[in-house]
Amino acid sequence: MEHIAQNIARIRAEMEEAARAAGRDPREIQLCAATKMNDAEAVKAAVAAGVDCCGENRVQELVQKQPLGAYEGKPVHFIGHLQTNKVKQVVGKVDLIQSVDRLELLECIEKTAARLDLVQDILLEVNIGQEESKSGFTPDEAMETASKMVQYPHCRLLGLMAIPPISEEPGGNSKYFAQMRQLLVDIRAKKYDNVSMTCLSMGMSGDYADAIANGSTMIRVGTAIFGPRNYGQPQK
Ligand SMILES: *Cc1c(COP(=O)(O)O)cnc(C)c1O
C-alpha cells in the first residue's frame, strides 16, 4: 500500500506545479480518488494519504465498501452511470452525485431526496465531445437544466463534470476542457436559483495537468493512484 501514498504525493506535486503554471492557487483544486475495482483497504490507504474525496463508479462497489469504512473521514462521491432503479441506494449515502447525465435521472433523484427529506448535492455531466457512446447533457441542455433547478428543491446544483474523448495526442483535450470552463462561467453568470457552479470536475490520470490549466477544480484520478485496474480478475 506504500505505493499509494507515494503516488498521491507525486500527483499533489504535479497538481501544484500545474496550478502555479496557470497562475492559480493550488488549494482551489481537489483530488478525487477514482476507486473503482480497488478494495476497501486500498481506498483507506488513499484516504489516509490525503486525497480530498473518493469517487465510486458502481453502486455495488459503493454498498460493499461503505460499511467497511473505506471512505471514512472523507466525502464520497458517485461518478458512474446511475440507473434509476439504483438511485435509492445512492441518494443520501454520498456527498455528491457527479454523474447526473439525463433529465430522467435528475427527476428520480429529486423524488427520492424529497421522500428522504434531504437535499442531494449534484453535478451535471456534460458530453462535451458529443460522443454517441457517452451519456451526458449537451452544453445547451446543461444550460437549460440549470435554468430549471428551482423545480428541484431537493437537489442542489454545484457544478459540472465531463469525461472528454480519449485523446490521440498530449494536450488533445484542452479544447474540451476550455469549453467546459466557459460553460461553467456562462451558467454561473445567469445566477439561477439553486445553482452555485463552483465545482468543475474534469481531468483524469492522463490529462489532469491540462484540465488544471483549463480551470478544473476537481480531478478524478484512478490509475495514477492505485496502478492499473485488473479487469480480468474477479473483484475482491
Ligand atoms: C475511472 C474513472 C476515472 C479515473 O480514470 P483514470 O484514467 O484511471 O485516472 C475518472 N472518472 C471516471 C468517471 C471514471 O470512471
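Start at 1 and go down the list; that is how both ligands and their atoms are numbered. Note that the structure is predicted; figures quoted are calculated from it, not measured.
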Taking every non-hydrogen atom, the tightest pair across Met197 and Leu184:
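Looking at all heavy atoms of both residues, the shortest contact is SD-CD1, 3.5 Å.
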
If I compare all heavy atoms of Leu82 with all of Arg102, which pair ends up nearest, and what's the gap?
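Answer, listing the atom of Leu82 first, then Arg102: O-NH2, 2.9 Å.
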
One thing to verify: whether Arg181 and Asp186 come together as a salt bridge, which I'm taking to mean a side-chain N less than 4.0 angstrom from a carboxylate O.
no

Check: Arg220/Ser201 side-chain N/O donor and acceptor closer than 3.5 Å:
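Checked: Arg220/Ser201 side chains pair up, N/O donor to acceptor below 3.5 Å.
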
Using a distance-only test with no angle check, is there a side-chain donor-acceptor pair under 3.5 angstrom linking His81 and Asp101?
yes

Ligand 1: which residues have a non-hydrogen atom closer than 4.0 Å?
Ala34, Lys36, Asn57, Ile79, Ile163, Met204, Ser205, Arg220, Val221, Gly222, Thr223, Arg229

Set of residues satisfying side-chain contact (heavy atoms from CB on, under 4.5 Å) with respect to Val63, sequence neighbours excluded:
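With neighbours one apart ignored, the set is Val59, Gln89.
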
